[in-house]
Protein chains: 2
Amino acid sequence: MLSKKTKYGLKALTYIAKSEGDNPVQISEISKSENIPQKFLESIMLTLRKSGFLGSKKGKHGGYYLIKEPAQIKMADVMRVLEGPIAMVPCVSLNFYEKCDDCPDEHECSVHKLMIQVRDNTLKVLRNNTLEDLSGS
Amino acid sequence: MLSKKTKYGLKALTYIAKSEGDNPVQISEISKSENIPQKFLESIMLTLRKSGFLGSKKGKHGGYYLIKEPAQIKMADVMRVLEGPIAMVPCVSLNFYEKCDDCPDEHECSVHKLMIQVRDNTLKVLRNNTLEDLSGS
DNA sequence: CATTAATCCTATCGATTTAATAGGGATTAC
DNA sequence: GTAATCCCTATTAAATCGATAGGATTAATG
């Protein structure tokens, strides 16, 4: 299941990418337009800023803006920050690898084999899609 | 994240598929061999039986056996029973569709578009792989 | 028929995670 | 100096997950 956090984060990024002009976009505006609880969205935006996807401007008329071009923002990277590992089991994760407690040898593990395939195909999609793809028409 | 329930369930099915002969396989044996808590495995086997993947024999020398050929058991079907929907959001689920609370129009939703692609690719993998593929060498 | 070994079934528990809220601090435009 | 806005930490309520408990039922076997 995709968490609400990730879902809201992706929607917010898309909203900012779509909003033309150089003015920063306010949380309150995104919150109203996308039906996202404002306080919850606040913490998500903070995460996205701290991980280098967004810049912010404080005070009146402040808000958030993209730091990179939408075409440079890969969904795989956003997902890793908001949702965590893309792999369904830690033992097939590229960025968050962990050995399983059970499983003496993961190369013999049937689940391992299957989940590598799932990971590879999911990654393919998430690497091919950028924020530009999400916000385009 | 794949739940332990699903992971254990897949391992147990693989174990039974690999164990040749017509004798039913006991929970205690699978539990020891695959490092799965026995009581937990019990409830998983029950689920798999009730959903038509396994048959059982009660009493002494009882146990579980496959009802269908391994090649006929698609991972997509097993996953749906143990893990629930394959889609990451209910609004792109084929078997468990639900409208989102937010989202006035899901055809306009950027997350929706992305998650359909993820679902399609995951499904492709899970439909192509059968229990025979998992248990083969 | 008694014993043993197995599945069957329901309930419960503790830990973790999730989604959301609360409450204020810091900064900037005007 | 006031209002608007981001910044930050803490807390909470509910749900889920992994596991355990405790027995009821069934069947093989001597």
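Both backbone and side-chain heavy atoms feed into the values below; hydrogens, waters and symmetry mates do not. In what follows, chains carry the letters A, B, and so on, assigned in the order in which the sequence lines appear, proteins first and then strands, with residues in each chain numbered from 1.
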Check the phosphate of [N] against [X], side-chain N and O only, distance under 4.0 Å to OP1 or OP2. Yes or no?
| X | N | value |
| --- | --- | --- |
| Tyr8(B) | dA19(D) | yes |
| Tyr65(B) | dT7(C) | no |
| Lys57(B) | dA28(D) | yes |
| His61(A) | dT5(D) | no |
| Ser56(B) | dC8(C) | yes |

query: Taking N and O atoms by type only, does the side chain of Glu42(A) place a donor or acceptor under 3.5 Å from a partner on the base of dC6(D)?
result: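 Between dC6(D) and Glu42(A), which were checked side chain against base, a qualifying N/O pair under 3.5 Å is absent.
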task: Classify the side chain of Lys39(B) and the base of dG18(D) as holding, or not holding, a donor-acceptor pair under 3.5 Å.
output: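 Check fails, no donor-acceptor contact within cut-off.
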field: Donor-acceptor contact present, side-chain Asp133(A) to main-chain Thr130(A), <3.5 Å
entry: yes
Atom-pair distance ([atom1] on [X]; [atom2] on [N]), nearest Å:
| X | N | atom1 | atom2 | value |
| --- | --- | --- | --- | --- |
| Leu82(A) | dT17(C) | CG | C1' | 16 Å |
| Ile30(B) | dA5(C) | CD1 | P | 19 Å |
| Glu83(A) | dA19(C) | CD | C1' | 13 Å |
| Ile44(A) | dC8(D) | CD1 | C1' | 15 Å |
| Lys58(B) | dA24(D) | NZ | C1' | 10 Å |
| Arg49(B) | dC8(C) | CZ | C1' | 7 Å |
| Phe40(A) | dT11(D) | CZ | P | 19 Å |
| Leu54(A) | dC7(D) | CG | C1' | 14 Å |

Qualifying residue, where the test is side chain to side chain contact (heavy atoms under 4.5 Å, CB included) with [X] and the options are [options]:
| X | options | answer |
| --- | --- | --- |
| Asn129(B) | Met75(B), Lys124(B), Lys74(B) | Met75(B) |
| Leu41(B) | Lys39(B), Met45(B), Gln38(B) | Met45(B) |
| Leu13(B) | Ile44(B), Leu66(B), Leu82(B), Leu134(B) | Leu66(B) |

message: Under 4.0 Å, heavy atoms only, any strand: does Lys7(B) hit a base, just the sugar-phosphate, or nothing?
response: nothing
field: Min side-chain heavy-atom separation Val81(A)-Thr47(A) under 4.5 Å
entry: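 The answer is yes, as the side chains (C-beta and beyond) meet within the 4.5 Å cut-off.
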task: Name the residue closer to the 5' end of DNA chain D, choosing between Tyr64(A) and Leu2(B) according to the nucleotide with the nearest heavy atom.
output: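 Its nearest nucleotide lies further toward 5', so the answer is Tyr64(A).
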field: Pairwise 5' ranking along DNA chain D for Ser43(A) and Ile27(A), keeping only the more 5' one
entry: Ile27(A)
task: Return the 5'-most residue of the pair Lys60(A), Lys4(A) with respect to DNA chain C, ranking by each residue's nearest nucleotide.
output: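 Residue closer to the 5' terminus by nearest nucleotide: Lys4(A).
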